[in-house]
Amino acid sequence: MLASFPSPDRGVWELGPIPIRAYALCIIVGIIVAIWWGERRFVARGGQAGTVIDVAVFAVPFGLVGGRLYHVATDWHRYFGEGRNPVDALRIWDGGLGIWGAIALGALGAWIGCRRKGVPLPAFADAVAPGIVVAQAIGRIGNYFNQELYGGPTDLPWGLEIYRRVNEAGLDDPLGGVAESHIPVQVVHPTFLYELLWNLAVAALVIWADRRFRLGHGRAFALYVAGYTAGRTWIELMRTDDATHIAGVRINVWVSAIVFIAAVAYFIWARRLGEREDLAALTAAREGEPAEPGAEAADTESDSETGETGTAEEAEADADEGAKAEEGEPADEEREKAEKAEVDSGSPRSTDS
């Protein structure tokens, strides 16, 4: 049995002058998975194809900015103060996205996109909820490559080996450096892995509950938030990296607890809103239903293919003439006889309509 498992020796590979960063790749893959899966779920619930992609144009940039702002605000000591470079706050590719900021501003961007598409935000959120938490799980793989988000020392068989990484100048560089040896400086709890597995479990829970109870009006999204925060609370308590504390407790623990309570309250309250939204009906109502064909159109056939037109009376007269023709008496001769009889009787037929 393994006593521990290794970390990658680096998180950045140089492709000529272009640095390929594992963390950035994981974030990109997570976004693609969330959009792809959200699109499939949205269409399956009656929504129009392409809506999730259109809304993501707003939600993704807002979410990235919000995630970075939250990280910088709660870990400001990493970027500001003596010996710190504030410009590093813009280096999002080096890691550091706060999920709470990403969800908050991402929801704002999604709201803007949903308004433009005429889609209820809660219905959209329910469709993308499992994809979002799976995207978070994929993002945790990037933390693994960056050797971050780990806990205290452990002798458990799944302990994570942490190596000293240095740059070309031989200086410590945990993010951009390369491991100088594969002798670990410590073996720790892989809290990034705990959260990754927890996120996948939450995604499974949301899918099951959504199918079993046909969740709507944002309840699937609320279940995702409640499930995620429940796990994040105990996982956060295991972490040993630097963080801002309030009353001796990491700030993310406080936020997780507050958001968990809010999500559970909304999940219970939204039950009164009724059954899941019918996205197909909402779309039809927004675009306007096509007018039903009238009774006359339903009872008659168009003569456009034959080029013939006429009223019902004309058609009846034609039918009478045809019947007389079949009996061997031409229709024209009958008309002439009738006119001659009227002249002889001295009562000509009126020409007024």
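Residue numbers count from 1 along this sequence. Treat the numbers as computed from the prediction; the structure is a model and nothing was measured.
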inquiry  = What I want to check is whether the side chains of Tyr228 and Glu195 have a donor and an acceptor closer together than 3.5 Å.
reply    = yes
task = Check step by step if side chain to side chain contact (heavy atoms under 4.5 Å, CB included) holds for Leu97 and Arg68.
result = CA-CA 5 Å; Leu97 289 174; Arg68 189 59 175 179; 4.2 Å; yes
ask   = Going only through I, L, V, M, F, W and Y residues with side-chain contacts under 4.5 Å, is there a path from Leu223 to Trp208?
value = yes
ask   = Near Trp76 CH2, under 6.0 Å, is it more than 12 heavy atoms from other residues, nucleotides or ligands?
value = no
message = Could you measure the distance from the CG atom of Asn199 to the CZ atom of Arg232? Nearest 0.5 Å is fine.
response = 9.0 Å
query = Is the backbone of Leu149 close enough, under 3.5 Å, to the side chain of Thr191 for a donor and an acceptor to pair up by distance?
reply = yes
message = For a quick test of reading the model, state the closest non-hydrogen atom pair linking Ala263 to Ala226 and the distance between them.
response = CB-N, 3.8 Å
message = Minimum heavy-atom separation for Ala49 and Val43, please, with both atom names.
response = CA-CG2, 3.7 Å
Residues Phe124, Leu279; criterion side chain to side chain contact (heavy atoms under 4.5 Å, CB included); working and verdict = CA-CA 10 Å; Phe124 176 85; Leu279 289 175; over 6 Å; no
message = Measuring only between side-chain heavy atoms, which start at C-beta, is Gln147 closer than 4.5 Å to Pro174?
response = no
inquiry  = Quick check against the 3.5 Å criterion: does Trp254 have a side-chain atom that pairs as donor or acceptor with the backbone of Ile246?
reply    = yes
key: From Glu148 atom CD to Tyr150 atom OH, the distance as rounded to the nearest 0.5 Å   = 9.5 Å
query = When clusters are formed by joining ILVMFWY residues with side-chain heavy atoms under 4.5 Å apart, either directly or through shared neighbours, do Leu200 and Tyr144 land in the same one?
reply = yes
request  = Compare all side-chain heavy atoms of Pro6 with those of His182 and state whether any distance is below 4.5 angstrom.
outcome  = no
ask   = Counting N and O atoms only, with roles assigned by atom type, does the side chain of Asp126 sit under 3.5 Å from a partner on the main chain of Ala220, one being a donor and the other an acceptor?
value = yes
Shared hydrophobic cluster, Ile261 / Val202 (ILVMFWY, side-chain heavy atoms < 4.5 Å) = no
ask   = Does Val264 reach the side chain of Ile268, with side-chain heavy atoms less than 4.5 Å apart?
value = yes
ask   = Who passes ring-ring contact (aromatic ring centres under 6.0 Å, His included) against Phe221, sequence neighbours left out?
value = Tyr224
ask   = Are Val33 and Ile138 close enough that some pair of their side-chain heavy atoms sits under 4.5 Å apart?
value = yes
inquiry  = Strictly distance-based, threshold 3.5 Å: is any side-chain N or O of Trp36 a donor or acceptor partner for the main-chain N or O of Gly131?
reply    = no
Separation of Phe192 CZ from Leu197 CG (nearest 0.5 Å) = 9.0 Å
task = Establish whether Ile251 and Ile258 are linked, either directly or via other cluster members, by ILVMFWY side-chain heavy-atom contacts under 4.5 Å.
result = no
request  = Report yes if the side chains of Val119 and Phe42 come closer than 4.5 Å at any heavy-atom pair, otherwise no.
outcome  = yes
task = Mind listing the closest non-hydrogen atom pair of Ser256 and Thr229 along with its distance?
result = O-CB, 3.5 Å
inquiry  = Would Val188 and Ile162 count as a side chain to side chain contact (heavy atoms under 4.5 Å, CB included) here? Give the steps.
reply    = CA-CA 8 Å; Val188 298; Ile162 299 296; 3.8 Å; yes
query = Quick one: do Ile183 and Phe5 end up in the same hydrophobic cluster if we chain Ile, Leu, Val, Met, Phe, Trp and Tyr together by side-chain heavy atoms under 4.5 Å apart?
reply = no
key: Residue pair Tyr79 / His71, side-chain heavy-atom distance below 4.5 Å   = yes
inquiry  = So that I can tick it off, tell me whether Arg276 and Asp210 are bridged by a salt bridge, with the cut-off set at under 4.0 angstrom between side-chain N and carboxylate O.
reply    = yes
remark   = Distance col, row Ile132:CD1 vs Trp37:CH2, nearest 0.5 angstrom, shows 11.5 Å
query = When you measure from the centre of the six-membered ring of Phe267, is the NZ or CZ of Arg219 under 6.0 Å away and within 45° of the axis?
reply = yes
remark   = The reported gap from CG in Leu193 to CD1 in Ile141 (rounded to nearest 0.5 angstrom) is 9.5 Å
query = Among pairs that include at least one residue of residues 10-31, which meet salt bridge (Lys or Arg N to Asp or Glu O under 4.0 Å), considering only residues two or more places apart or in two chains?
reply = Arg21-Asp94
request  = Could you tell me whether Phe62 and Trp111 have their ring centroids closer than 6.0 angstrom?
outcome  = no
message = Using side-chain heavy atoms (C-beta onward) and a distance below 4.5 Å, is Val253 in contact with Thr233?
response = yes
task = Please round to the nearest 0.5 Å and tell me the distance separating atom CG of Asn252 and atom CG of Leu237.
result = 10.5 Å
query = Do the non-hydrogen side-chain atoms of Leu171 and Val166 ever get within less than 4.5 Å of each other?
reply = no
request  = Report the C-alpha distance between Cys114 and Phe58 in whole Å, list the side-chain angles of each, state the deciding distance to 0.1 Å, and finish with yes or no for side chain to side chain contact (heavy atoms under 4.5 Å, CB included).
outcome  = CA-CA 9 Å; Cys114 285; Phe58 297 91; over 6 Å; no
